[in-house]
There are 2 protein chains.
Amino acid sequence: MNTPVVPFGKPRGERADAVRNRERLLETARAMITEHGPGKVTMDGLAERAELGKGTVFRRFGSRAGIFRALLDDDERRFQEQVLSGPPPLGPGADAEQRLIAYGRARIPFLLDHHAIARAAMDHTQPASEDGVGMTQPHIRMLLGQAGLLVPLPLLDSLAVQLTAALEAPLLLYLSMDEAPGPSGSAHLLSESWQVLVERVMRG
Amino acid sequence: MNTPVVPFGKPRGERADAVRNRERLLETARAMITEHGPGKVTMDGLAERAELGKGTVFRRFGSRAGIFRALLDDDERRFQEQVLSGPPPLGPGADAEQRLIAYGRARIPFLLDHHAIARAAMDHTQPASEDGVGMTQPHIRMLLGQAGLLVPLPLLDSLAVQLTAALEAPLLLYLSMDEAPGPSGSAHLLSESWQVLVERVMRG
DNA sequence: ATGCTAAGCGGGGTAAAGTCCGTTTATGCT
DNA sequence: AGCATAAACGGACTTTACCCCGCTTAGCAT
């Protein structure tokens, strides 16, 4: 008759030392990234600087890419909150077209800010499902569904895939990324053409 | 007064043994890929099986990704010929919209066939300009230009980038890729939604 | 033919990702 | 407190991409 409170409260919570070490590793990784860039973050170096074993690093994050994914997750979650419950047109309340445009306009600077880490978080040894498919595709799919496009249903899925690619892939793999921000930068152009893309897809 | 023929004929052509070894390496790589998949092709294994030194492999191809790029180049060139001088609507002769649609419908099965090698050919240690940006983006850009869209000129560039991403990225990074071909496969769906995408972008 | 030279060759060496398994320790129970 | 146990830890080990540099050889000129 024990464990009276919390009937199913995680029977085996994460151990305290594990939590401490994970945070320490993330903090150390962030420091190494701001000092020398993501390319210089090695598993050995990270473990040594955090004064932990290499085995621990892999236990926590699974792979090198996993570290960067974990680093992104924080900011990604904040971004997602804006989308799910922030003010319109990014959050709910605007119509689907406006939300799609707003999503791209917010997402592009986000990826621009994080593109070094986001690139490092890609793991092309895995098929592709595991890594950061993320929230963009489901969100776009949902908005396409709400818009009532005059296309067969299964096409909505592949349209969502392709629009996701149009939005994210340029910053992940096609662009060199070495320019100052500004209205002439490619970020601004991509935002503009994203809007054109969305407007034309929605008004078929 | 010698070298009478060929005034500027490549003063230093590729050496015969180098040519022989390159072809031998490509052949061996192809064999290893069909036997065990691209993931199992290691530089040591390739060198040993081709009975050459590891240094030779790197001299010829620069990196692991370089091998797969070289392997793709053959087929890529054949594909490009169809686009540049084949029959319409893929080749010249049809209007821009028809050519864009035809390009995607031809490109998707091509990438599907080669996706294992294409993925292996991506090198995400380099910024992104070096590797396979390829011919798709310029071709799409050209067709967009011909179509006379009612958008500011610089937007044509970023639209081309985004349409390229919409066409190629799904097969390079978002799709898991383990299904039988057929009208229900994602290849067919992607072709259909590519057509929708193009039609709506062109008819603004 | 023969010698010169630049290109090609080869394999040992380094660095970094990822694995394994014996050791240590936090946590819950008595 | 003392114990049992599952989880966490750590670092040696393996694998693989990529570098380096002395040796060999093709291609050319005499």
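Chain letters run A, B, ... following the sequence lines, proteins first, then strands; residues in each count from 1. As the structure is a prediction and not an experimental result, all values here were calculated from the model.
Closest approach of B:V41 and B:I33 over heavy atoms only: CG2-CG1, 3.7 Å.
In this structure, B:H139 contributes its side chain and B:M135 its backbone to no donor-acceptor pair below 3.5 Å. In this structure, the side chain of A:R107 does not engage the main chain of A:E168 through any donor-acceptor pair within 3.5 Å.
For the pair A:L25 CG and D:dA8 C1', the interatomic distance rounds to 12 Å; values are reported in whole Å. Rounded to an integer number of Å, the gap from CZ of A:R60 to P of D:dG10 is 12 Å. Across the protein-nucleic acid pair, A:F58 atom CZ and D:dA8 atom C1' stand 16 Å apart, rounded to whole Å. Rounded to whole Å, atom C1' of C:dA6 lies 15 Å from atom CD of B:E14. Between the CZ atom of A:F61 and the P atom of C:dA16 there is a distance of 19 Å, rounded to whole Å. The nearest whole Å value for the distance from the CG atom in B:N21 to the C1' atom in C:dG11 is 15 Å.
Against DNA chain D, the stretch residues 30-57 of chain B makes heavy-atom approaches under 4.0 Å through B:V41, B:T42, B:M43, B:K54.
Residues B:E76 and B:Q80 bring no donor and acceptor atom of their side chains to less than 3.5 Å of each other.
When each of B:R64 and B:R59 is assigned the nucleotide of DNA chain D with its nearest heavy atom, B:R64 is the one assigned upstream, toward the 5' end.
Here A:Q162 contributes atom CD and B:L167 contributes atom CG; the two are 7.5 Å apart, rounded to the nearest 0.5 Å.
Note: B:F79 and B:Y103 have perpendicular aromatic rings, judged against thresholds of 30 and 60 degrees for the angle between ring planes.
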